Amino acid sequence: MARTSPFGLLVLFVGLALSNGVLALWPIPRNLTTGSTALKLSPAFTIQVDVPNAPSDLYDAVGQAKQYLENDKLGRLVVGRGANDTTAVQGAKTISTLTLSLEEGATVNSITDEARAKFEDRSEEYQLTIPDDGSAATLVANSTLGLYRGLTTFGQIWYTYGADTYTLEAPFDITDSPAYPYRGLGLDTSRNYFPVQSILRTLDAMSWVKINTFHWHITDSQSWPLEVAEYPELAQYGAYSAQDVYTEQDIQQILSYAGARGIDVLLEIDTPGHTAIIGTAYPEYVACMTESPWSTYANEPPAGQLRFPLPEVRNFTTNLLASIAKTMPSYYFSTGGDELNLPCYTDDPITSGYLNSTGTTINDALDEFTNSTHSALIGLGKTPVVWEEMVLDFNLTSLSDETIVMTWISSADAAAIADKGFRIVQAPSNYFYLDCGAGEWIGDDPAGNSWCDPFKTWQYAYTYDPLANLTTAQQSLVLGGEQILWTEQSGPENLEPIVWPRAAASAEIFWSAAQPGGAPLNGTEALPRLQDVRYRMVQRGLNPIQLQPQWCALRPYECDLYA
């Protein structure tokens, strides 16, 4: 049963003092008021946990929050980096304590368990109050996950100059909750391998902007880096090397690390397309494997797809997906289903011969294949997630009403999915693909233009309206959305600058949805706050790309077009 917010429908008017770059929260809380009083953190500042039987990951989160407060040492993004604040700060009151507590009657679960709950059961709201008189600040939530989100906001408030950690905006009264339950970041680790440490750093950065779902596209036609106990030969033959493998221990480390940071892991094993690599271990299961020219049989090399109409392939895939899904704690599991190449099957004598001998259409065979794989997942308590083609290109009757559909081809496709009654995660390539703009990666292409160019700037992504073209009745079908990095031209070397801080754009779209007070999100207003996100990421050891010359970062709005 869904839990309702204990904070009601409170709507507060906010006057944001952003012109001087002081208030820099991201995503912007949905309801807040601030003041203009300086307030310092005591050198002996403590965070008290007033939660009976508090879980260990809540104490870990408190330790993490204190570490950030001690080590961020972020100077305010103004000329002088806070040198002109010394007079105001010198006479400021000092805050010594932040007290964490749960609403009366709230169930005490770990942050990890709360992060992995079903969408309708997740409780991420919180209320943060910071007086300006030096008395204790309070953070109250309905769940430990809500407390974690509030701790994240608390950590964004403070700046350092000299020996002082301070704010100029006290008092704070924040009542916050996400507009959408799904706020994701997608990463493809099959085109190129990403070490576990790269993924852990990505999870850290996601948590800083309240992204709550790591959509992990872990396998594809180019490589199979996932170790599966029941099918060891897949990684043995399909990984780039014995070192480029995610072992069971690696997976559990990533799952644990994500959960403690309020992040659910949505694993994707794309089928029946994007599966050429399975042919290295099971060549009899893959049609048109390494056929040439590959462009006839696949959207990118190498060609090869599962012969899904064959009963033995259907059973193999069902068992494979089930064996992987049972190791994943999330309620959600993606089977992909995009870019299925039909000429591959027409020209494959084994597949076409089976279809002709049984009088089965390719569409009916796909329906039977999907029914088998999805039934196994549902039997494990999982909700299937698919790409949009499974709904828009094929007349499948096997998709459960609970199936979640991801858009990607175009933002305009959401309406057609909603017409069929499915829940939607918005990941349209024309707004949210982080890999676009690097040109073509395919060789022997003199034009060098990629299908999804140009580069999707954070400003452009930030204009995305997840409810565009949907009726009022259909809007509730939108669960949220994500930006995603396909990695044909990316690896651990450029992961951080290509993703950050751009991926924070969708984080705010799907958490805040609007400015406090109801005004639409506005890139001009947002830029100084995103600059702050970027500089704080640097302080925490990340390598995000620059948004502007530092001259502009220290002078909010002076580099606007008509300034």
Side-chain angles (χ1 to χ4, degrees), residues 27 178-188 206 209 211-217 266 268 270 273-274 299-300 332 334 336-340 385-393 403-438 449-471 474-490 498-499 501-514 520-521 523 526:
Y180 296 89
Y182 184 108
R183 305 174 308 281
L185 175 67
L187 179 64
D188 158 28
M206 290 167 61
V209 292
I211 293 176
N212 71 350
T213 304
F214 177 49
H215 172 200
W216 192 357
H217 183 92
L266 169 65
E268 179 181 343
D270 205 351
H274 290 272
N299 282 41
E300 60 181 56
Y332 306 96
S334 176
D338 61 315
E339 296 183 326
L340 189 60
V385 181
V386 298
W387 291 110
E388 62 179 76
E389 291 98 315
M390 290 289 96
V391 169
L392 300 183
D393 291 354
T403 302
I404 295 168
V405 181
M406 283 190 161
T407 63
W408 75 271
I409 296 174
S410 170
S411 56
D413 293 343
I417 298 168
D419 284 342
K420 295 179 179 293
F422 290 101
R423 293 179 294 171
I424 301 168
V425 168
Q426 302 275 29
S429 58
N430 54 328
Y431 281 89
F432 282 171
Y433 272 24
L434 296 167
D435 53 301
C436 301
N449 297 317
S450 169
W451 71 273
C452 72
D453 286 346
F455 185 87
K456 311 306 179 195
T457 65
W458 80 265
Q459 295 98 324
Y460 184 67
Y462 196 70
T463 67
Y464 180 65
D465 178 3
L467 303 180
N469 303 317
L470 300 179
T471 67
Q474 291 173 336
Q475 291 177 2
S476 62
L477 293 172
V478 178
L479 293 172
E482 68 178 34
Q483 287 167 273
I484 188 166
L485 178 64
W486 302 105
T487 61
E488 288 88 350
Q489 293 177 292
S490 296
I498 202 170
V499 171
R502 279 196 297 160
S506 60
E508 183 154 284
I509 290 171
F510 294 109
W511 178 282
S512 309
L521 295 176

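All heavy atoms count here, side chains included; hydrogens, waters and symmetry mates do not. Just so it is clear, the model here is predicted, and its values are computed rather than measured.
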Exercise for the section: Can you sort out the partners of Glu339 under salt bridge (Lys or Arg N to Asp or Glu O under 4.0 Å), two or more places apart, ordered by chain and number? Expected result: none
Practice task
Answer with yes or no whether the side chains of Glu388 and Thr407 bring together a donor and an acceptor at under 3.5 Å.
Solution key: no
Practice task
Could you note down all residue pairs passing salt bridge (Lys or Arg N to Asp or Glu O under 4.0 Å) where residues 450-459 supplies at least one of them, sequence neighbours left out?
Solution key: none
Practice task
Taking the side chain as every heavy atom from C-beta outward, state whether Met406 and Leu266 have any pair of such atoms under 4.5 Å apart.
Solution key: yes
Problem - For Met390 against Gly337, the heavy-atom pair lying closest together - result: CE-O, 3.1 Å
Exercise for the section: For residues Leu392 and Ala416, report the shortest heavy-atom separation together with the two atoms involved. Expected result: CD2-CB, 3.7 Å
Handout entry: Contacts of Arg183 that satisfy salt bridge (Lys or Arg N to Asp or Glu O under 4.0 Å) - sequence neighbours left out
Key = Glu124
Handout entry: Nearest atoms (heavy-atom pairs only) where Ala513 meets Tyr180
Key = CB-CE1, 4.4 Å
Practice task
For residues Arg502 and Phe455, determine if any side-chain heavy atom of one lies less than 4.5 Å from a side-chain heavy atom of the other.
Solution key: yes
Exercise for the section: Determine, step by step, whether Gln483 and Trp458 satisfy the side chain to side chain donor-acceptor pair (under 3.5 Å) criterion, reporting the C-alpha distance in whole Å, the side-chain angles of both residues, the deciding distance to 0.1 Å, and the verdict. Expected result: CA-CA 10 Å; Gln483 287 167 273; Trp458 80 265; over 6 Å; no
Problem - With Ala418 via side chain to side chain contact (heavy atoms under 4.5 Å, CB included) - residues at least two apart - result: Ile424, Leu470, Gln474, Leu477
With a 3.5 Å cut-off and sequence neighbours excluded, list the donor-acceptor pairs that the side chains of residues 462-469 form with protein atoms.
unit_1: Tyr462; atom_1: OH; unit_2: Glu508; atom_2: OE2; d: 2.5
unit_1: Thr463; atom_1: OG1; unit_2: Tyr460; atom_2: O; d: 2.6
unit_1: Tyr464; atom_1: OH; unit_2: Gln426; atom_2: OE1; d: 3.1
unit_1: Tyr464; atom_1: OH; unit_2: Gln426; atom_2: NE2; d: 3.3
unit_1: Asp465; atom_1: OD1; unit_2: Leu467; atom_2: N; d: 3.0

Practice task
Could you pull out all residues at least two apart from Glu482 that satisfy side chain to side chain donor-acceptor pair (under 3.5 Å)?
Solution key: Tyr182, His215
Problem - Any donor-acceptor pair under 3.5 Å from Ser410 side chain to Ala412 backbone - result: yes
Exercise for the section: Please identify each residue that fulfils side chain to side chain donor-acceptor pair (under 3.5 Å) with Asp338, with sequence neighbours left out. Expected result: His274
Problem - Shortest non-hydrogen contact between Met206 and Thr213, atoms and distance - result: CE-O, 3.4 Å
Fill in the blank from the handout: Applying ring pair (Phe, Tyr, Trp, His ring centres under 6.0 Å) to Trp511 and not counting sequence neighbours gives none
Exercise for the section: Not counting sequence neighbours, which residues clear side chain to side chain donor-acceptor pair (under 3.5 Å) with Thr487? List them please. Expected result: Asp188
What pairs of donor and acceptor atoms, side-chain ones from residues 429-437 against any protein atom, are under 3.5 angstrom apart with sequence neighbours left out?
unit_1: Ser429; atom_1: OG; unit_2: Trp408; atom_2: O; d: 2.8
unit_1: Ser429; atom_1: OG; unit_2: Ile409; atom_2: O; d: 3.2
unit_1: Asn430; atom_1: OD1; unit_2: Ser411; atom_2: N; d: 3.1
unit_1: Asn430; atom_1: ND2; unit_2: Ser411; atom_2: OG; d: 3.0
unit_1: Tyr433; atom_1: OH; unit_2: Trp486; atom_2: NE1; d: 3.4

Exercise for the section: Compare all side-chain heavy atoms of Val425 with those of Val385 and state whether any distance is below 4.5 angstrom. Expected result: no
Problem - Derivation and outcome, side chain to side chain contact (heavy atoms under 4.5 Å, CB included), residues Leu187 and Ile484 - result: CA-CA 6 Å; Leu187 179 64; Ile484 188 166; over 6 Å; no
Fill in the blank from the handout: All heavy atoms of Ser512 vs all of Pro27, minimum pair found to be OG-CB, 3.5 Å
Practice task
Search all heavy atoms of Ala504 against all heavy atoms of Val209 and return the closest pair with its distance.
Solution key: CB-CG1, 4.1 Å
Exercise for the section: Calculate, to the nearest 0.5 Å, the distance between atoms CG and CG belonging to Leu185 and Leu485 respectively. Expected result: 8.0 Å
